[in-house]
J.: 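Below are the structure tokens for one structure; questions will follow.
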Amino acid sequence: MPKVRVEKICSEPELYIIRVDDDRIGYFEATWDIPEGITYNAYIMKLDGAVVLFDVSKKEYTDLFMEGLRKVVDPKEITHIVVHHTEPDHTGTLPKLLEENGYRAQLIGTNFAKRFLEGFYGEKVVENFYTVKDGEEMKIGGRTFRFIAVPWLHWPDTMITYVVEDKFIFGCDAGGGYGIPETIDDSDEEVVEKYLPHVTKYIVTVIGHYHKYIVQNINKLKSLGIVESARMILPGHGLVWRKDPLRIFEHYERVGAGTPTKDKVLVIYDSMYGFVEKRMEVIIDELKKHSKKPVVYRFTDKEAPAVSDILGEVPDSEALVIGASTYEADIHPRVRYTLFEILDKANYEKPVLVVGAFGWGGVAGKKIETLISRSKFDLVDTVESRGMMSEEDEEKLREGVRKLIQWIS
Ligand code: FEO
């Protein structure tokens, strides 16, 4: 059942997290399977003569959020609300909050944010909106807040806040991940290890389409000298990073750049009646002979893995093998959808081997080749043949794997 967690995370300045743990969600953005759930994090900072709220929560959890907020502050006392990003998982509660606040608080965000908020919630919500420029600083309650635009992390409206005196970075989507970690922060290594794969999956599915901006924006923050010296990174989802703040941005950089884990090869295929499967057994055997570690996802009449999980495996793979049946003169529908999402969300310069099987006409292999040729991936070879695999087919498959391995090295 969804719940709200409220914890003090710093005494000077007085800082609280209001974290809504959403374990009821099935599909983030109505698309991505996340049985691991997600959290929506907002933060309250109490300063001399000012109370600053950073982001809010999803509309569905308005009552829960307000209940948590009231534990640390009377909503009427909030003087400023920083809107880092307007996607409704971080802003859905705003109308109700502003109503309780009596519209006293000044909203702070980018010009895009103002336009988007008006579009989502109407004019009244942005009546007291201050538009900041990239790099602009504001003095609030004795602290210096610097607002830095990080467009496409995850929308064009997005910015982060750097609190100069405390070296805090409020990142919203940047630095976030799926999952509902047992702890609030990164102090427990076991929690962090379990959480990081959810971060990768989050980055690819949510920000993946814009993944070149991940590296670009982190480089921008580094050039401003605020990443290495950050004392705390406070994202809008998942863990707060204070034991090792740099770690989460380094993880983001690796995912953005598609840095491979040695020997990991992602193998994805469908098999309706076992013809593709037989071929993939040969592929997997040959990969293992060369000390590669295949990570296998297969669509059969008994299993259908979540595409969101497959996407999360792409960035750190050295190479991909895609196996598909020809289905109604096209790629098998599940592999086709998976491939479309990979090419959109996880489009990296990595080698790909294509394997196909067909009944009377081979189309899937050619169609995959065409799609690959329009992407950043490199096509190493296509091995496609009819029906039952012959000895000659087997040798071609093993040869395809050897070419793939040569490509990697
Ligand atoms: Fe967590 Fe792009 O919203």
Side-chain angles (χ1 to χ4, degrees), residues 2 4-5 17-34 36-43 53-62 64-65 81-95 97 107 109-110 112-117 119-121 147-161 169-181 195 198-214 216-218 233-241 248-249 251-252 255-256 308 311-312 341 344-346:
V4 64
R5 280 181 74 165
I17 183 170
I18 300 157
R19 188 179 103 170
V20 173
D21 292 355
D22 184 0
D23 61 359
R24 189 162 63 201
I25 191 168
Y27 311 97
F28 192 71
E29 295 178 334
T31 302
W32 311 114
D33 298 57
I34 50 163
E36 63 270 39
I38 191 166
T39 76
Y40 315 108
N41 306 346
Y43 302 90
L53 172 63
F54 300 87
D55 302 311
V56 289
S57 202
K58 203 177 177 184
K59 185 180 175 193
E60 183 181 351
Y61 300 119
T62 299
L64 205 52
F65 175 74
I81 302 171
V82 179
V83 181
H84 291 115
H85 166 42
T86 57
E87 191 164 7
D89 53 331
H90 305 286
T91 59
T93 320
L94 258 185
L97 171 70
L107 270 63
T110 63
F112 275 117
K114 185 180 180 188
R115 280 170 43 201
F116 298 171
L117 281 186
F120 293 154
Y121 310 112
F147 304 104
I148 303 161
V150 286
W152 304 109
L153 288 185
H154 138 240
W155 281 358
D157 60 351
T158 312
M159 64 175 198
I160 59 119
T161 301
I169 295 176
F170 291 88
C172 201
D173 274 356
Y178 291 134
I180 304 177
Y195 172 64
H198 297 317
V199 175
T200 308
K201 177 175 162 183
Y202 170 82
I203 297 171
V204 179
T205 55
V206 177
I207 317 175
H209 182 77
Y210 311 108
H211 73 253
K212 73 172 182 186
Y213 295 101
I214 297 171
Q216 211 166 292
N217 277 308
I218 292 177
I233 291 172
L234 303 119
H237 301 289
L239 286 179
V240 167
W241 296 82
I248 186 64
F249 277 159
H251 187 82
Y252 263 64
V255 175
S308 51
L311 288 171
E341 291 305 328
D344 178 37
K345 298 274 188 181

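Every number for a ligand or one of its atoms is a count from 1 in the order of the listing.
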J.: Short check: any N/O/S atom of His237 below 2.8 Å from atom 1 (Fe) of ligand 1?
T.: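 Checking atom 1 (Fe) of ligand 1 against His237, an N, O or S atom does fall under 2.8 Å.
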J.: With respect to atom 2 (Fe) of ligand 1, what is the nearest N, O or S atom of Glu87?
T.: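 Nearest to atom 2 (Fe) of ligand 1 within Glu87's N, O and S set: OE1.
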J.: Does a donor on one side chain sit under 3.5 Å from an acceptor on the other, for Tyr40 and Thr93?
T.: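 Looking only at side-chain atoms, Thr93 and Tyr40 do not form any donor-acceptor pair under 3.5 Å.
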J.: Nearest to atom 1 (Fe) of ligand 1, which N, O or S atom of Asp173 do we find?
T.: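 The atom in question is OD1.
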J.: Are any N, O or S atoms from Cys172 nearer to atom 2 (Fe) of ligand 1 than 2.8 Å?
T.: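 Within the cut-off used here (under 2.8 Å), Cys172 places no N, O or S atom near atom 2 (Fe) of ligand 1.
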J.: Is His90 close enough that one of its N/O/S atoms sits under 2.8 Å from atom 1 (Fe) of ligand 1?
T.: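 For His90, the answer is yes, given that an N, O or S atom comes within less than 2.8 Å of atom 1 (Fe) of ligand 1.
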J.: If we count only N and O atoms by modelled type, under 3.5 Å, do the side chains of Ser308 and Tyr178 hold a donor and an acceptor together?
T.: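 Checked: Ser308/Tyr178 side chains show no N/O donor-acceptor pair below 3.5 Å.
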J.: Identify, by name, the N, O or S atom of His154 lying closest to atom 2 (Fe) of ligand 1.
T.: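 Result: ND1.
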J.: What is the ring orientation for Tyr210 with His154, classed by angle as parallel under 30°, tilted 30 to 60°, or perpendicular over 60°?
T.: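 If you compare the ring of Tyr210 with that of His154, the planes turn out tilted.
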J.: Mind checking whether Phe170 and Phe54 have parallel, tilted or perpendicular rings, split at 30° and 60°?
T.: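 Phe170 and Phe54: parallel rings.
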J.: Among the N/O/S atoms of Asp89, which is closest to atom 1 (Fe) of ligand 1? Give the atom name.
T.: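 Sorting the N, O and S atoms of Asp89 by distance to atom 1 (Fe) of ligand 1 puts OD2 first.
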J.: Look at the aromatic rings of Trp155 and Phe120 and report parallel, tilted or perpendicular, splitting at 30° and 60°.
T.: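 Trp155 vs Phe120 ring planes: tilted.
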J.: Step by step, work out the side chain to side chain donor-acceptor pair (under 3.5 Å) result for His90 and Asp55.
T.: CA-CA 6 Å; His90 305 286; Asp55 302 311; 5.3 Å; no
